[in-house]
S.K.: 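What follows is a structure written as structure tokens; I'll ask about it next.
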Amino acid sequence: MTLEEELVSKLKERFGDRILEAKVQRARRIFVTVDRSAYKDVIRFLRNDVGVTHVSTISGVDAIDHFEVIPHLSYKGIVVSVRAIVPKDKPEIDTITDVIPGALFYEKEVHEMFGIDIKGHPDLTHLELPDDWPEGLYPLRKDVKLEELFRRITKERD
Amino acid sequence: MGLVDWARLRSPWVLHFNTGACNGCDIEVVAALTPRYDVERFGIRLVGSPRHADILIVTGPVTKQVEKRLKRVYEQMPEPKFVMAVGNCCASSGAFRNCYNVYPGLDNVIPVDVYVMGCPPKPEAIINGVVKLLEKLKKLKGGAS
Amino acid sequence: MEGEAVIQELIDVLRTLLFPGFLFFVILGLFFEWIDRKFYAKLQNRVGPLYTGPWGLLQPLADFVKLMAKEDIVPEGAIKPIFSSVPVFALALSLFAALFLPVCGPQGIVSFPGDVIVLAVVLTLLVILVFLGGLSPASRYPEVGAERSVLQLLGYEIPLVASILGATAMTVGLGGSLSIEGIVNAQRDWWSILGFQALGFAIFLLAAQAELERVPFDIPEAETEIVAGWTTEYSGKKLALLRLARDVELAFLCGLGATLFLGGPWPGPLVPGLGGAIVSTIIFVIKSIVVLLLLTVIRAAMSRLRIDQMVNFAWKYLVPLSIFQLLLAVVVAPLMIHLLTL
Amino acid sequence: MPIFREVLRTAPKKRATLLYPFEKRDVPLDYRGRIEINYDLCVGCGLCVKECPSQALELVTLPDGKKKPRYYVARCTFCAQCVESCPRNAIKSTQIYELATYNRKAEVVEPCGTSR
Amino acid sequence: MSNIVDVPVGPQHPALKEPLNITCYVDGEQVVGAKLRIGYNHRGIEKAGEYQTFIQNLYIAERICGICGIVHAFDLAQATEHIIGKEIPRRADYLRTIGLELNRIHSHLLWLGVAAHEIGFDTLFMYVWRDREVVMDVIEDFTGNRVTYALVTIGGVRRDLPQEKAEKMLRVMDALEETVKKYKEMCLNEKTIRMRCDGVGVLRKEDAIALCAVGPTIRASGVPFDIRADDPHAAYDEIPFKVVTYDTCDVTARILVRIDETLESINIVREAIKKMPSGPIRARLPRAVPVGEGVGRTEAPRGEVIHYVRSNGTDRPFRWKVRAPTLANLLSIPVMLTSKGDYVVYIADVPITFASIDPCLSCTDRAVKFVDVSSGKSWVWTFSQIKRMYWKDKPCWRERP
Ligand code: SF4
Ligand code: SF4
Ligand code: SF4
Ligand code: SF4
Ligand code: SF4
Ligand code: SF4
Ligand code: SF4
Ligand code: SF4
């Protein structure tokens with residue numbers, strides 16, 4: 001059994017149904033989908049019991065009918081992408097900064113770009129957007145169209 | 001040509017301002033100062049204070065956040081002053097046309113005298129741009145006097 | 001009788017204004033800036049100014065003229081009288097200092113016993129001007145630059161004066177007076193630098209570099225740190241005058257080095273006798289250029305010190321060394337000479 | 001102080017400087033400079049327009065009804081993607097890199113061959 | 001003079017960088033904590049990416065940054081190829097490797113020069129940049145431009161490396177090796193450099209790991225974390241190379257890691273040219289990418305770059321996420337700037353520490369905000385004022401403890 005498969009089976013064994021989907025895409029790439037409630041436990045398990053220390057980044061995705069928050073963890077060269085499903089009507093998720101401190105900036109980014117509330121995050125100010133950015137405008141949401149951003153942020157184009 | 005015009009053409013001091021460039025043009029501007037190209041030959045000096053500068057070299061698409069500071073630097077420069085836009089993203093936002101946080105060209109913010117096209121332009125092309133700017137200056141003077 | 005006095009007066013005025021006075025030193029200053037830039041570029045494998053006049057010779061002039069013609073902005077909130085007068089005073093002071101140099105004979109235009117002391121005072125005054133110039137625009141970078149120059153002054157002032165006095169002491173030891181003329185004439189057949197003054201010369205070079213605020217002591221102007229230091233807010237004419245003052249000061253300090261340690265206009269140990277005015281001038285300028293080139297090498301081969309490191313260095317090494325060499329010059333050298341001549 | 005040695009060693013060396021406007025280095029033959037469109041070969045398929053990353057090409061309809069790309073030099077990123085995209089090899093990269101202009105809006109190549 | 005000064009415009013300089021704000025918490029002359037604010041260079045590339053085709057995105061990716069541009073283009077291509085699920089020709093892998101390593105060489109040399117300029121050592125800056133020009137020539141010869149390579153495309157590379165160009169490249173590498181060795185010698189023996197870098201900006205191993213530092217920053221803390229070795233992409237699985245680590249964890253270590261890596265890169269380029277198989281350089285892949293997602297990782301000169309791409313079956317990405325290495329390293333800055341036990345950070349160490357991670361957003365706005373922890377007062381200083389402050393508090397004739 002390869003290292004990748006071993007990791008997947010470990011996760012399945014530990015979390016059972018709370019892992020919605022787990023697949024090895026190719027060498028050194030694993031995608032795991034978890035329920036929002038299990039998200040932090042999975043990260044904690046990976047950190048404490050498997051020995052994952054490095055989070056490369058956290059991708060937020062607006063998948064039209066829900067949001068996804070995907071931390072990409074790195075373990076012995078394997079990228080483990082843990083996908084948490086976040087419903088649109090209640091966009092919030094637990095922070096993982098207390099488990100992996102390196103996630104600080106990435107969670108901020110998810111917050112400002114998608115408007116997902118990160119519960120327990122120590123400092124949810126803007127990371128990249130300017131301070132006078134319009135309240136409630138989350139540029140990477142799919143319902144925010146590029147034309148609207150142009151109109152609101154910079155002047156007409158030639 | 002008067003003494004002053006002669007001096008002006010031979011002592012262009014430049015100030016470099018990055019308005020959100022990808023660094024590509026910046027390293028080429030810096031490279032133009034280093035031994036291979038050595039723009040000091042033309043009397044060009046890179047200065048740090050807007051008060052000492054004759055030419056403002058701007059690189060990068062103008063991002064929303066930088067607009068105010070750019071205007072302030074421009075206002076601080078003493079007359080006569082010139083602006084040179086280096087790189088196509090400075091001229092017209094180039095590859096960043098679809099980015100919401102940039103202006104479509106430097107001339108939306110401050111007047112521009114010469115554009116150096118390229119992405120990034122070679123240091124030679126930047127020198128060429130300076131030469132063009134000086135030519136423009138010469139003509140301006142010729143017309144006036 | 002009457003007529004002769006008038007003519008003498010006229011000659012003196014001309015000497016002061018044209019040669020070897022103000023005009024000469026302004027031109028020399030611009031010329032030295034060119035040498036400095038060219039040689040600096042050479043050391044960096046570049047060419048430096050090239051197209052302004054032959055080999056870029058007129059580059060400093062072009063810079064000067066251009067700045068003179070540029071808009072002159074007085075920043076808001078500046079203390080105007082001080083801000084505007086500093087450049088004029090700086091230029092006047094450095095030109096005044098230059099009058100003391102023995103360019104075309106063993107005597108400067110101004111010469112009297114004790115003039116060496118006056119020179120040391122003038123050098124300090126120049127730094128005070130920098131301080132005023134930096135404080136007056138009420139802007140942050142110049143302020144920092146100004147404070148730094150004074151801090152720096154604390155470090156190099158003593159070595160500078162000590163090295164000047166060391167050179168003077170030789171003459172006193174030989175029965176001369178405390179004047180430049182005395183120092184120059186004492187080196188008639190033996191340059192100071194070849195004797196006990198080699199150390200003094202080295203100290204003088206470093207201190208001069210600091211006085212001129214050049215690498216490694218360009219802390220008050222550190223471009224990557226505080227834009228252009230105390231000159232940040234100056235533009236147009238005022239900047240032109242400031243830069244010219246700097247150039248004259250550069251020429252003056254190089255000339256001073258040549259005077260104190262390289263025998264001024266004296267042709268050298270092997271060729272006794274003083275040439276005419278023209279020959280003397282040429283010899284003097286060549287010697288100054290040698291000093292200038294040494295200063296440029298220092299500038300090229302060092303990195304900027306931090307202000308604390310600079311002051312540290314000055315107090316730990318420069319000051320003790322300069323006092324040591326002063327002792328050497330005052331006590332040991334005359335003793336030796338005395339013994340030798342016995 | 002190794003740098004002292006280095007500095008003194010450099011002094012007598014020949015300059016590393018290229019006296020640019022008077023001396024020029026050869027540009028590699030396949031340099032990606034300004035592009036050149038051969039409108040005789042172009043069939044107006046629009047592929048180049050579709051894949052240009054900076055909208056430097058725009059399809060216009062000529063009076064005779066044919067479609068051809070118009071080229072805005074000041075928007076181009078000189079990536080030569082269009083050279084690759086064109087099925088008729090109508091576009092070439094040139095070695096031209098000295099592209100300074102006073103008016104960016106004038107730097108447009110019109111399909112009829114004239115510049116605006 | 002009042003303590004509160006407004007934020008300055010900052011030196012408009014050969015500012016190779018994007019701006020940033022640091023807030024330092026000080027107690028007397030010691031820094032006891034720091035906070036960062038970035039984002040003045042935000043352009044909104046990720047959003048634009050969703051409106052452009054994959055091919056177009058390759059070029060905008062390259063322009064996320066001109067210094068390690070090819071890395072971003074390569075990474076996007078790699079992630080996309082993972083979605084498509086087809087292997088690309090081996091020769092393309094080797095050509096990509098050469099491109100990536102040339103990029104690393106030029107970037108590290110560039111940094112060395114800028115660092116020298118930073119401490120007022122303009123001559124060294126001039127020398128380094130002069131010698132860097134030959135690398136730029138090689139790159140231009142190979143890719144058609146000095147800075148933006150436009151080399152990588154989805155499915156392979158766009159240009160081949162003919163024999164004579166490869167030979168020229170090898171000659172340049174040999175000459176460069178000598179030069180870089182000389183610079184290493186110089187940095188090790190130049191007293192002023194050592195004075196300002198030894199024991200400064202320490203990032204302990206545990207902290208580096210916890211804060212997910214990447215690249216030379218974490219390797220200078222003794223952790224052999226290098227994507228090229230851990231997660232081999234391009235042709236790194238077939239080319240032997242050493243992962244350079246130093247364990248003094250300070251600024252000197254970061255300088256040495258970069259210089260040694262440059263030497264290592266020179267070897268990789270040679271090796272890659274030698275081992276490169278013949279064959280096609282690209283596979284024709286469909287323009288419309290099938291539904292799926294992919295993660296690409298690459299070791300850029302400054303550390304790990306990661307791209308996440310999601311496709312919904314069209315020729316435009318549904319989501320494209322980029323993380324550049326500097327963002328990962330910024331988090332370590334507050335730790336390096338926090339005194340702890342024996343390790344004392346002086347205010348004067350702030351600038352050099354900051355420069356040591358090779359931030360691409362350093363100098364344009366180099367103001368630091370200070371908050372006094374005991375009184376709660378806050379004010380802003382430039383880096384230069386810090387140095388002055390440092391002097392005031394420490395009489396010059398006393399050595400630093
Ligand atoms: S013109 Fe091109 S290389 Fe220059 S800054 Fe813009 S994107 Fe970068
Ligand atoms: S070279 Fe690139 S940017 Fe220029 S027109 Fe062609 S595809 Fe567009
Ligand atoms: S791709 Fe070629 S044939 Fe098609 S429009 Fe462009 S230039 Fe013409
Ligand atoms: S054969 Fe070539 S030119 Fe003709 S339609 Fe097909 S791709 Fe276009
Ligand atoms: S200039 Fe050329 S492209 Fe424009 S309308 Fe006339 S024919 Fe058409
Ligand atoms: S950090 Fe220093 S070297 Fe870099 S651009 Fe700013 S001032 Fe220049
Ligand atoms: S990469 Fe990130 S920081 Fe850069 S422009 Fe895109 S969203 Fe902004
Ligand atoms: S880390 Fe620096 S060099 Fe790399 S992409 Fe970002 S800004 Fe560019």
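Protein chains get the first letters and strands the later ones, always in sequence-line order, with residue 1 at the start of each.
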S.K.: Output all residues satisfying salt bridge (charged side-chain N to carboxylate O under 4.0 Å, His left out) with E:E133, sequence neighbours left out; order by chain, then residue number.
M.R.: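 If we apply the salt bridge (charged side-chain N to carboxylate O under 4.0 Å, His left out) test to E:E133, skipping adjacent residues, the hits are B:R36, E:R146.
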S.K.: If I take atom SG from residue B:C99 and atom CD from residue E:Q52, how far apart are they, to the nearest 0.5 angstrom?
M.R.: 7.0 Å
S.K.: Taking C-beta and beyond as the side chain, do B:Y100 and E:I45 meet within less than 4.5 Å on heavy atoms?
M.R.: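 A side-chain contact under 4.5 Å is absent here.
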S.K.: Do the non-hydrogen side-chain atoms of E:V147 and B:C119 ever get within less than 4.5 Å of each other?
M.R.: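 No, their side chains stay 4.5 Å or more apart.
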S.K.: Can you tell me how far apart CE (E:M126) and OG1 (B:T34) are? Round to the nearest 0.5 Å.
M.R.: 7.0 Å
S.K.: Going by heavy atoms in the side chains, are E:F125 and B:V30 under 4.5 Å from each other?
M.R.: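 They are in contact (side-chain heavy atoms under 4.5 Å apart), so the answer is yes.
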S.K.: What residues of residues 136-144 of chain E sit under 4.5 Å from chain B when you count only heavy atoms?
M.R.: E:M136, E:D137, E:E140
S.K.: Can you find a heavy atom in the side chain of B:I27 that is under 4.5 Å from one in the side chain of E:R132?
M.R.: yes
